[in-house]
There are 2 protein chains.
Amino acid sequence: MSPRKPSPPTQSRRNLAEEITGQLRAAIVSGQIKPGTSLAEPVLAERFGASRAPIREALIALERDGLVEFNDRSRTRVRSLTSADIEEICSMRVALESMAARLAARKWTAEDTRAMDENIRRQDRAATLGELSHLDVEMHEYVVRLAGHRRLLNAWRGIRWQFEMSLAYTHRLQQKLDFEPHRITVDSHRRVLEVLASGKPELAAKTMAAHIEGALEWSLAQFPVEPVVA
Amino acid sequence: MSPRKPSPPTQSRRNLAEEITGQLRAAIVSGQIKPGTSLAEPVLAERFGASRAPIREALIALERDGLVEFNDRSRTRVRSLTSADIEEICSMRVALESMAARLAARKWTAEDTRAMDENIRRQDRAATLGELSHLDVEMHEYVVRLAGHRRLLNAWRGIRWQFEMSLAYTHRLQQKLDFEPHRITVDSHRRVLEVLASGKPELAAKTMAAHIEGALEWSLAQFPVEPVVA
DNA sequence: CACTTTAAAACTGTCGACAGTTTTTACCCC
DNA sequence: GGGGTAAAAACTGTCGACAGTTTTAAAGTG
C-alpha cells in the first residue's frame with residue numbers, strides 16, 4: 001500500500017493513535033488509498049510498526065470522519081463517494097455553514113476580515129497555479145469556529161474530511177482532463193466575506209448557502225457521467 | 001458507583017463494548033451517574049467484569065455522544081449541561097430537524113401518519129401519568145430517519161443522548177418540585193404531524209422549528225434559576 | 001496549622017497473546 | 001472444468017501486563 005514507515009521524520013505528534021489517524025486520513029483523502037480498499041488491523045499494525053490497539057482507535061476515528069465504514073462483521077473498508085454522497089455532503093454544509101455564517105456575522109471583527117482576505121488572496125494564487133490547496137476548507141472552518149457553537153463545529157467535523165476527499169477527487173479529475181482551474185469560488189468567497197463583515201446575519205446565512213450550492217453545481221458539472229470516487 | 005454487575009440477566013447484546021456503552025449511557029442519561037463523575041478505565045473494567053479494551057471503546061463512543069469528555073491528560077468525566085448547552089442542543093435540533101422535516105414531508109405516507117398518531121396517543125397517556133417516556137425522542141428520530149439522509153441522521157445522533165439527558169433532568173426537577181406534567185408538546189406534536197402529512201415541505205420545516213423552540217421555552221421556564229445539570 | 005516534600009496508588013498508552021470466526025486457498029471428485 | 005469441501009491463513013474481540021505519568025495520600029518541617 002505504501003513503503004514501510006515505522007515512524008517518519010515527523011516527531012511523534014501526540015500519541016500513536018492520533019498520529020496514525022492523521023496519516024491514514026491523509027492517505028485516504030488524497031486518494032492514495034482508494035475507496036473499497038480493505039483495512040485490516042494486523043496489516044496496518046505492521047505497516048505502522050505498531051500494535052493493534054492504536055490502529056483500532058484510528059479506525060474508529062476514521063469511521064467518525066465518515067472515511068471508512070465497518071462491515072457487519074466489523075471489517076473495515078474505505079468508503080467511496082457517489083454523486084448522491086456529494087449532494088448529501090453539500091446539503092449538510094448548507095445547513096451547518098449557513099447557520100455558522102449567521103452566528104459568525106454577529107461576532108465579526110476587522111481582524112477576521114483581514115485574516116479572511118489574506119486567505120482568499122492566497123486561494124487566488126493557488127487557483128492560478130492550478131494547485132489543490134486546503135485554503136478553501138480552512139476558510140470555511142474559520143467561519144464555523146468563529147460561530148462559537150461547540151455542537152455545530154462538531155457536526156461540521158463529521159463531514160469535513162469527506163468534503164476534502166471530494167475536493168481532492170475533483171481536482172485530480174480536473175488535472176487529468178486538463179480543465180481550467182476552479183477560480184469561480186474565489187469571487188464567490190469575496191461575496192461571502194463581504195456579507196460576513198457587513199454584520200447582517202440573515203444575509204450572511206443566505207449568501208453562504210448560495211456559495212456552497214454554487215460550488216456543488218460547479219463540481220457536479222465537472223463530471224460528464226456519474227461521479228463516483230471509487 | 002453502583003452494585004457489581006458482571007453481566008446482568010440481559011444476554012450479551014452484540015459485543016461487550018456495545019453492551020457496556022449502552023449500560024453506561026443509560027446510567028448517565030438517567031442521572032444515575034452524575035455529571036462531573038470521573039470514569040477511570042480500571043474502575044469501570046472491574047465494575048463490568050471486563051478488561052479495559054471494551055471499556056475504552058465504550059468511553060470513546062460516549063464521547064461521541066457528547067456525554068463524557070476527555071481531559072488534557074485523557075481522563076474521562078461525565079459532562080454537565082448548562083443552560084448554554086441546552087440552548088446549543090436546541091439550536092442544533094432546529095437546524096437538523098427542520099431540514100429532516102422538509103425531507104420527510106416529501107416521503108410521507110399514510111402509514112407514517114398512523115405510526116406517528118399512535119406514538120402521540122401514547123405520549124398523551126404517559127404525560128397524563130407524569131411519566132418520562134422515550135416516545136418524544138423516538139418520534140423525532142422517526143422523522144429524522146424518514147428523511148433518508150445518512151449524514152443528517154449521523155449529525156443528529158451526535159446530540160440525541162444529550163437531548164435525552166436534558167429531558168430526564170427536567171423531568172426529575174419537575175417531579176421534585178411537583179409541577180404539572182409536560183403536555184404542551186402533545187398538542188404541538190399534533191400540529192407537526194399535520195403539516196408533515198400535508199406534504200408541504202417548507203411549512204413542515206418551519207413548524208418543526210417552532211415546535212422545538214417552543215419546547216425550549218417551556219423547558220427553560222421550568223428553571224427558576226440557572227439550569228445546570230451538575 | 002499551613003506548606004512542602006516524598007512515597008504510594010492509580011491511570012493511560014501500548015504491547016503481545018489467544019480463542020472463536022470468517023475468508024481464502026488448495027484439493028478432490030465427478 | 002464445475003462445484004463443493006476441507007485445511008490453512010487471516011481477522012476481530014478480549015484479556016492481562018508493563019512502562020511512564022499523574023494523582024493522591026502520607027510524612028516531615030517551620
Side-chain angles (χ1 to χ4, degrees), chain A residues 1-2 4-8 10-25 28 33-65 67-79, chain B residues 1-2 4-8 10-25 28 33-65 67-79:
Chain A
M1 203 179 282
S2 151
R4 203 103 318 148
K5 277 203 281 180
S7 207
T10 318
Q11 284 199 18
S12 63
R13 210 182 340 194
R14 293 144 253 192
N15 58 42
L16 247 187
E18 287 182 48
E19 170 65 28
I20 292 172
T21 303
Q23 286 194 220
L24 274 178
R25 181 157 49 207
I28 293 173
I33 300 181
K34 293 203 217 50
T37 305
S38 150
L39 299 179
E41 291 170 12
V43 178
L44 294 176
E46 193 185 359
R47 170 172 167 197
F48 286 101
S51 75
R52 278 176 53 210
I55 298 287
R56 206 151 217 278
E57 281 187 30
L59 291 178
I60 292 176
L62 292 175
E63 196 268 346
R64 188 174 186 163
D65 290 337
L67 297 180
V68 308
E69 66 191 342
F70 298 131
N71 189 345
D72 302 328
R73 267 86 69 209
S74 291
R75 261 135 218 213
T76 313
R77 55 176 43 232
V78 179
R79 285 185 56 179
Chain B
M1 202 179 283
S2 151
R4 202 104 318 148
K5 278 204 279 180
S7 207
T10 318
Q11 282 199 20
S12 62
R13 209 179 342 192
R14 297 141 249 194
N15 57 44
L16 246 187
E18 287 182 48
E19 170 64 28
I20 292 172
T21 302
Q23 286 195 220
L24 275 178
R25 183 158 48 209
I28 293 173
I33 300 181
K34 291 203 215 58
T37 306
S38 150
L39 299 180
E41 291 170 13
V43 178
L44 294 176
E46 194 186 357
R47 171 172 166 194
F48 286 100
S51 76
R52 279 177 51 212
I55 298 288
R56 206 153 219 276
E57 280 187 30
L59 290 178
I60 292 175
L62 293 175
E63 197 268 344
R64 190 175 185 161
D65 290 338
L67 296 181
V68 307
E69 67 192 342
F70 297 132
N71 186 344
D72 302 327
R73 267 87 68 206
S74 290
R75 255 121 224 227
T76 314
R77 56 176 44 229
V78 178
R79 284 185 57 181

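All values below come from the heavy atoms of this structure, side chains included, with hydrogens, waters and symmetry mates left out.
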Participant: State, to 0.1 Å, how close B:Lys34 and B:Val78 come at their nearest heavy-atom pair, and which atoms those are.
Facilitator: O-CB, 3.7 Å

Participant: D:dG20 P sits how many Å from A:Leu16 CG, rounded?
Facilitator: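 From A:Leu16 CG to D:dG20 P: 15 Å.
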
Participant: Looking at A:Arg75, does any N or O in its side chain come under 4.0 Å of the phosphate oxygens OP1/OP2 on C:dT21?
Facilitator: no

Participant: Round to a whole Å and report the spacing from CD of A:Glu57 to P of D:dT12.
Facilitator: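 Taking atom P of D:dT12 as the reference, CD of A:Glu57 is at 16 Å.
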
Participant: Which comes earlier along DNA chain C counting from the 5' end, the contact point of A:Asn71 or that of A:Ala17, where each point is its nearest nucleotide?
Facilitator: A:Ala17

Participant: For the pair made of CZ in A:Arg73 and C1' in C:dT24, what is the distance, rounded to whole Å?
Facilitator: 15 Å

Participant: Could you state the atom-to-atom distance from CD1 of A:Ile20 to P of C:dC15 in whole Å?
Facilitator: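 Between P of C:dC15 and CD1 of A:Ile20: 8 Å.
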
Participant: Under the 3.5 angstrom rule, does the side chain of A:Asp65 hit a backbone N or O of A:Leu67 as a donor-acceptor pair?
Facilitator: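 Side chain of A:Asp65 to backbone of A:Leu67, a donor-acceptor pair under 3.5 Å: no, none is there.
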
Participant: Salt bridge between A:Glu63 and A:Arg79, side-chain N to carboxylate O under 4.0 Å?
Facilitator: no

Participant: Have a look at A:Pro42 and say if it touches a base, only the backbone sugar-phosphate, or nothing, with a 4.0 Å heavy-atom cut-off.
Facilitator: base

Participant: Indicate whether OP1 or OP2 belonging to C:dT14 is found under 4.0 Å from a side-chain N or O atom of A:Ser51.
Facilitator: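 For C:dT14, OP1/OP2 do not have a side-chain N/O of A:Ser51 under 4.0 Å.
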
Participant: Give the minimum heavy-atom separation between A:Leu59 and A:Thr76, together with the two atoms involved.
Facilitator: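 Distance-wise, the nearest heavy atoms are CD1-OG1, 3.8 Å.
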
Participant: Tell me the interatomic distance from A:Glu41, atom CD, to D:dA10, atom P, rounded to whole angstroms.
Facilitator: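 Rounded to whole Å, this separation is 16 Å.
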
Participant: To the nearest angstrom, how far is B:Phe70 atom CZ from C:dT12 atom P?
Facilitator: 10 Å

Participant: Nearest-Å distance, CD1 (B:Ile55) to P (C:dT12)?
Facilitator: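 Rounding to the nearest Å, CD1 of B:Ile55 and P of C:dT12 are 11 Å apart.
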
Participant: The side chain of B:Ala50 lies closest to which of these nucleotides: D:dC15, C:dT14, C:dC11?
Facilitator: D:dC15

Participant: Between A:Glu46 and A:Arg52, is there a salt bridge with N-O shorter than 4.0 Å?
Facilitator: no

Participant: Rounding to a whole Å, what distance do you find between B:Arg52:CZ and D:dA19:C1'?
Facilitator: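 Atom CZ in B:Arg52 sits about 12 Å away from atom C1' in D:dA19.
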
Participant: What nucleotide, of C:dT14, D:dT14, D:dT12, holds the atom closest to the side chain of A:Pro54?
Facilitator: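 Given the options C:dT14, D:dT14, D:dT12, the side chain of A:Pro54 is closest to C:dT14.
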
